[in-house]
Every structure is written in structure tokens, then in C-alpha cells.
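Each ligand, and each atom within it, is numbered from 1 in the order the structure gives.
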Amino acid sequence: MDCIFCKIAGGQIPSSIVYEDAELIAIKDINPAAPVHILIIPKAHIDSLDQASEKDIQLLGHIQLVAAQLAREHKTAESGYRIVNNCGEGGGQSVFHVHYHLLGGREMQWPPG
Ligand code: 5GP
Ligand code: ZN
């Protein structure tokens, strides 16, 4: 499949990796929207959160705990941070391999645009 995040997870496209385990990879976003902007990407391809199912419950929970760990490591846990999943074109998704954004290091606005 011609998927940029599959290629990044498979090491075919270089990226700035900040965390990796058997299930997922975390990389710095190429076009950061905040001082801390990390993408948490499952190694297995799922198009979007809308395509996730019961079998992904452990993975989805694992992503949140890794995000919290990365927030601590990147010194943004105390000041606060945001975890975002953009789902579908109307939700702002541009890469159709499910991933979560960890954003921190600045004041977050609410509601998001
Ligand atoms: P989405 O818009 O799908 O929620 O998020 C996709 C994110 O992937 C964007 O923030 C974009 O900057 C990032 N991105 C797209 N291509 C690459 C790439 O080749 N390398 C990295 N590190 N990030 C990428
Ligand atoms: Zn993929």
C-alpha cells in the first residue's frame, strides 16, 4: 500500500523518531503546530479511527499512555498538553493511517478551529 506512515513505520522513509515499541512509533511532526508536536502512529495500518474496532482497544489505550509518557519526557506535562485525532477529511485528517497528535509547549485555544 502506498501509505506514507506505513513507510515511516517500516523505516523506508526517514523520520525523527522519539519513541518506538512493538506496536507503535512516535515521530516529530514535519510541520509542527506547537513547540512540542509529536505524532503517535500504530505500526499496523488502520485508515482512521472510524475503521478501528474492539480488537484495537488495547492499542488505543496504549497510545494514550505513551502520549502521557512523551508529554512528561518533553516537559509539557506540568504546563498542559493536548492529544488530537483528526478523523476523516472534514475532521482535518490528511494522512489516512490513524495517528494521534501530541501538542504542547504553548497555550491551547478552545474550541479548536
Ligand atoms: P492529519 O492532518 O492527518 O491529522 O496529520 C498528518 C500530520 O502528518 C500533519 O501534521 C503533517 O505535518 C504530518 N506529516 C505529513 N507527512 C509527514 C512526513 O513525511 N513526516 C512527518 N514527520 N510528518 C508528516
Ligand atoms: Zn499505513
Query raised in the report: Stepwise, does the side-chain contact (heavy atoms from CB on, under 4.5 Å) test hold for Leu24 with Tyr19?
Result: CA-CA 8 Å; Leu24 56 82; Tyr19 175 87; 3.5 Å; yes
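- Proximity of Gln51 to Phe96: side-chain heavy atoms (C-beta onward) are nowhere separated by under 4.5 Å.
- Side-chain atoms of Gln93 and Asn85, non-hydrogen and from C-beta on, never get closer than 4.5 Å to each other.
- Contact record, Asp47 with His45: OD1-NE2, 2.7 Å, taken as the closest heavy-atom pair.
- Between Leu102 and His74 the shortest side-chain heavy-atom distance does not fall below 4.5 Å.
- Residues Gln64 and Val66 form no side-chain contact, since every pair of their non-hydrogen atoms from C-beta on lies 4.5 Å or further apart.
- The number of protein N/O/S atoms found under 2.8 Å from the Zn ion (ligand 2) is 4.
- Protein residues with any heavy atom under 4.0 Å from ligand 1: Ile4, Phe5, Ile8, Ile27, Lys28, Asp29, Ile30, Asn31, Leu39, Asn86, Gly92, Gln93, Ser94, Val95, His99, His101.
- The side-chain heavy atoms of Val95 and Ile41, taken from C-beta on, include no pair separated by under 4.5 Å.
- Aromatic pair His99/His97: centroids not less than 6.0 angstrom apart.
- When side chains are defined from C-beta on, Arg72 does not count as touching Tyr81, because their heavy atoms never get closer than 4.5 Å.
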